[in-house]
Amino acid sequence: MRGRPASAGSSATMAVRGPSLVADPATTVAGSKPDRQRAIRDVARAAVVGSQQELVDLLIERGFAVTQATVSRDIAELGLVKAPRAGRHVYVVPEALGASRGTDSSPRPSDERLHRILADIPLSVGRSGLILLLTGSPGTASVIGQAIDESSLTEQEGTLAGDNTLLVLFADEARLLAWRERFDDIRSIAQEGRTP
């Protein structure tokens, strides 16, 4: 993304989607990675964030200089997952799902099923714009799509399955690249037969 150059004597301008935000040096918090991730967990505990961009905006309001790619990595490292809350899907901390694990049959996001499927199904990955095309053997697309939907992969906007082709849709390049890197890691582990 390109931002406008700052004029002489003005505060630094941060390029983000939406209106320009000018950082005030008096209130900006540099924030270490642990501080930033603590803030992300606090926001996720409140269950109010439905997208990575919303989280970026909230962190910027709190004084953190972040990009969507950084937030995407933090979400993966913290193990945040999307869950239905108040009529929409929002990011939640894993322990918010833990209470229902023993009494509820609802699946907890896990990569275990995706590992098993990727170990058994030969898959090719292509790309068209902000869409990844995953092609497997006949009749496997919906199985792969469901395993992705149940996994810890959250950067995608959605999946659309045909017979042997699955489309994975993304809102922007950074999310696609972050997802692809994590997917390739999961796939590599599955193909090598390693336990994650």
Side-chain angles (χ1 to χ4, degrees), residues 1 16-18 33-34 36-60 62 64 66-101 104 106-118 123 125 127-134 141-161 166-190 196:
M1 295 174 69
V16 294
R17 198 170 6 153
K33 181 177 178 178
R36 183 182 69 242
Q37 289 191 347
R38 194 172 306 112
I40 290 171
R41 287 180 63 79
D42 290 345
V43 169
R45 281 190 190 102
V48 296
V49 178
S51 74
Q52 290 183 6
Q53 187 59 48
E54 287 176 51
L55 185 52
V56 167
D57 294 341
L58 286 169
L59 289 171
I60 289 171
R62 290 181 177 208
F64 292 93
V66 295
T67 64
Q68 188 276 327
T70 300
V71 167
S72 178
R73 283 190 297 273
D74 286 340
I75 287 171
E77 287 177 19
L78 293 169
L80 299 185
V81 294
K82 279 197 168 180
R85 298 286 192 270
R88 67 184 206 138
H89 282 78
V90 296
Y91 285 107
V92 297
V93 292
E95 54 268 21
L97 301 173
S100 63
R101 210 178 331 162
D104 190 0
S106 62
R108 181 167 187 239
S110 166
D111 296 335
E112 183 181 333
R113 182 168 184 232
L114 186 56
H115 279 272
R116 287 193 318 264
I117 289 169
L118 293 177
L123 193 68
V125 180
R127 179 176 175 182
S128 177
L130 293 176
I131 300 171
L132 289 178
L133 295 87
L134 281 59
S142 62
V143 172
I144 297 167
Q146 184 175 358
I148 288 171
D149 292 342
E150 293 171 355
S151 76
S152 65
L153 294 167
T154 58
E155 293 87 359
Q156 72 273 10
E157 293 298 310
T159 56
L160 180 63
L166 176 73
L167 303 179
V168 186
L169 313 169
F170 298 90
D172 57 47
E173 180 81 7
R175 292 178 195 187
L176 185 149
L177 294 175
W179 188 95
R180 178 69 192 264
E181 183 179 336
R182 292 187 58 232
F183 179 79
D184 287 345
D185 288 345
I186 292 169
R187 187 176 176 199
S188 174
I189 291 168

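Atoms CD1 and CD1, on I186 and I117 in that order, are 12.0 Å from each other to the nearest 0.5 Å. L176 CG to Q156 CD: the interatomic distance, rounded to the nearest 0.5 Å, is 10.5 Å. Taken to the nearest 0.5 Å, the CG atom of D74 stands 12.5 Å off from the CZ atom of R38. To the nearest 0.5 angstrom, L134 atom CG is 4.5 Å from L123 atom CG. D149 CG to T159 OG1: the interatomic distance, rounded to the nearest 0.5 Å, is 3.5 Å. Atoms CZ and CD1, from F183 and I148 in turn, are 5.0 Å apart once rounded to the nearest 0.5 Å.
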Take R180 and E155 through the test salt bridge (charged side-chain N to carboxylate O under 4.0 Å, His left out) and record every step on the way to the result.
CA-CA 9 Å; R180 178 69 192 264; E155 293 87 359; over 6 Å; no
Show your reasoning for whether side chain to side chain contact (heavy atoms under 4.5 Å, CB included) applies to V92 and L80.
CA-CA 6 Å; V92 297; L80 299 185; over 6 Å; no
Given D172 and R175, is the salt bridge (charged side-chain N to carboxylate O under 4.0 Å, His left out) satisfied, shown in steps?
CA-CA 6 Å; D172 57 47; R175 292 178 195 187; 3.4 Å; yes
Could you please spell out the steps behind the salt bridge (charged side-chain N to carboxylate O under 4.0 Å, His left out) verdict for E173 and R127?
CA-CA 12 Å; E173 180 81 7; R127 179 176 175 182; 2.4 Å; yes
May I have the step-by-step check of salt bridge (charged side-chain N to carboxylate O under 4.0 Å, His left out) for R73 and E77, ending in yes or no?
CA-CA 6 Å; R73 283 190 297 273; E77 287 177 19; 5.8 Å; no
Please test L166 against L160 for side chain to side chain contact (heavy atoms under 4.5 Å, CB included), starting from the C-alpha separation and ending with a verdict.
CA-CA 6 Å; L166 176 73; L160 180 63; 5.8 Å; no
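Side-chain contact between S152 and R182 is present, with at least one heavy-atom pair separated by less than 4.5 Å. L169 places none of its side-chain heavy atoms less than 4.5 Å from the side chain of L130. Considering only heavy atoms from C-beta on, V168 stays 4.5 Å or farther from E157 through its side chain. In this structure, V90 and V49 have side chains that are not in contact, with every pair of non-hydrogen atoms separated by 4.5 Å or more. Counting only heavy atoms from C-beta outward, the side chains of I75 and T154 approach each other to under 4.5 Å. Taking the side chain as every heavy atom from C-beta outward, V143 and R113 approach each other to under 4.5 Å. Two residues are said to be in side-chain contact when any heavy atoms from C-beta on lie closer than 4.5 Å; L133 and V125 fail this criterion. Contact check for W179 versus L132: side-chain heavy atoms found under the 4.5 Å cut-off.
Looking at every heavy atom in both residues, L118 comes nearest to R187 through CD1-CA, 3.9 Å. Summarising the geometry of A39 relative to F64, their closest heavy-atom pair is CB-CE1, 3.8 Å, with the distance given to 0.1 Å.
S188 places no side-chain N or O within donor-acceptor distance of the main-chain N or O of D185, the cut-off being under 3.5 Å. A donor-acceptor pair under 3.5 Å is formed between the side chain of S51 and the backbone N or O of E54.
In this model, no donor atom of one side chain and acceptor atom of the other lie less than 3.5 Å apart for R36 and T70.
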